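The basis for the numbers below is simple: all heavy atoms, side chains too, and nothing from hydrogens, waters or symmetry mates. Labels below follow one simple rule: chain letters A, B, ... track the order of the sequence lines, proteins then strands, and each chain is numbered from 1. Treat the numbers as computed from the prediction; the structure is a model and nothing was measured.
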Amino acid sequence: MKKIKYLKNPGFSLIWILFIWIVLFEFILPSNNFLPKPSIVLLSFSALEGVYHLWINLSISISELYFSLIISYLITKILCENFSWFHFVFNIAGSIHKLFNYVPVIIFGIFLVLWFPNSNYTGFVFVFLISLISMLIKTKDGSLKIKKEYFDASISIGADQKMISKNVIWKSVQPILLDYMTEIHIYLWISLILFEFINGSFGLGAIFKIALKYKDLSALFSISIITGLLIFLGFNIIKFIRNKFIHWSNI
Amino acid sequence: MSESNLILEVRNISKSFHGLAGSKIIVLDGINLKIDFENNKGKINTIVSPPKSGKSTLLKIISAIEMPTAGDVILYGNKYSNPDGSIALIPEKASSFPWMNVKQNVEFGLNIKNYIPEILRKKREELISFVGLEGYEEHFPHEKDSGFRFRISLARALAVEPKIILLDNPFHNLGKETKTELYSLIEKVKNQYKMNFILATANVNESILLSDNIFLMKKNPSEIVREIHIDDQTKNNLDADKYNSLKSEIEKSFGKHEEFFNLS
């Protein structure tokens, strides 16, 4: 039983993969085009800043993604607390969402690059729109699952729509929304990296594009590790916030 | 029954809806109730009926949360169709907010009355202490049992100073000890706040122990079949004989309508 538990642990699997990589690519297959030598990857980390301007590109990607998430969350909160507005905006968001059921969202990103080739904010706009639309739709779905008792009790004691929106609907929807944020987090990262890759000017996606152009295997590998660590960290921070501050569920 | 005391009247209330197959389902059919709440005295009126007979629907209609298909609810001679806190409902399932602690739940009710902060704080403390939750102000409802959650809901309902509190099967699924404590609490609220209650239950024992007035409601379709008044003298000296005679009276009334059920 203990053995199986170890195998299910992602950290344990990661150590195994790392071990196999070191043994295989450092000693058995040192020169190949498949994966780089571990020692070269270590050296390339220091070179990433000089050649690829890692820190500035990293900061751009991180701020684009997390600012979009935070602003989308705040807008959803404001709309949710003013429920009449929420319905209006939801209908627009719902129509756009339906469109993206058939047209991949990255195509919209391509158009953004075409329309605003020199803008520094297109990445932000792209992720922001995806996260806002997704959150609005999730909020609407979540609001339909709120226990009827909360409404009945509030309405009967004379609470108005604004009080109910703020104290019942938004509060009930928060855990659903935070759980959803952990789910869409990886999806937003994929979309952003793809967008930056197409755009090719800033961000982690742009580094991938340049590294691919120069066929710089070790840089590609290092950036992949950094991206993975970032996503892992972001996921756990959102999860921590959810568990620490949104301690209730819709019960 | 003097007209001046009459504050709640349910006139010919019917409720029906269409089922999935398009058939018409009648939940309530011409319910009439005249509830006399005496001035300066709290009273507990109980609607006793079998499970799934439309008690909850009736209470929702009385509190104006749900609209009837036909009929009116009259409060103090006026039609009551917009919930303004005069008739507060405590639903069957726990309704205290799990995202608010005890203090915040009670404040939710007090905020409706727009009290200034100082009075709000005083009233909050008073209500929390009254329902027996002193020392639990920072506790969250979902950490506790249904009895705890009921106390919060009661304090929150009292915060808006309603004329009537509707209790929808509140003691269902509670342990014996908690039930006894809550019965005393309801009595305390009735006497101290001169609060009027309408309790909906399927439990005959409960209705005899708590009520000043019992309305028996049959099902299919739901209809009030009898009203039993329990005067103060009987209530205060309720011995086994009186209790059994009341219980058999209730059971007989239901038996007449050929739908006796497992009333505990």
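Heavy atoms of B:Pro83 lying under 4.5 Å from chain A belong to its backbone as well as its side chain. With a 4.5 Å cut-off on non-hydrogen atoms, B:Ile87 touches chain A through its backbone but not through its side chain. Only the side chain of B:Lys60 comes within less than 4.5 Å of a heavy atom of chain A; its backbone N, CA, C and O stay farther away.
Atom NZ of B:Lys93 has 12 or fewer heavy atoms from other residues, nucleotides or ligands within 6.0 Å.
In this structure, A:Asp179 pairs ionically with A:Arg242, as a charged nitrogen and a carboxylate oxygen lie closer than 4.0 Å.
Between the side chains of A:Ser72 and A:Ser131, at least one donor N or O lies within less than 3.5 Å of an accepting N or O. For the residue pair B:Ser56 / B:Asp168, a side-chain donor-acceptor distance below 3.5 Å is found, with atom types taken as modelled.
Exactly one of B:Lys194, B:Lys123, B:Arg156 qualifies for a salt bridge (Lys or Arg N to Asp or Glu O under 4.0 Å) with B:Glu161. That residue is B:Lys123.
For the options A:Ser156, A:Ser154, A:Gly158, heavy-atom pairs under 4.5 Å to chain B are most numerous at A:Ser156. Contact count against chain A (heavy-atom pairs under 4.5 Å) is highest for B:Ile112 among B:Asp84, B:Val160, B:Asn111, B:Ile112.
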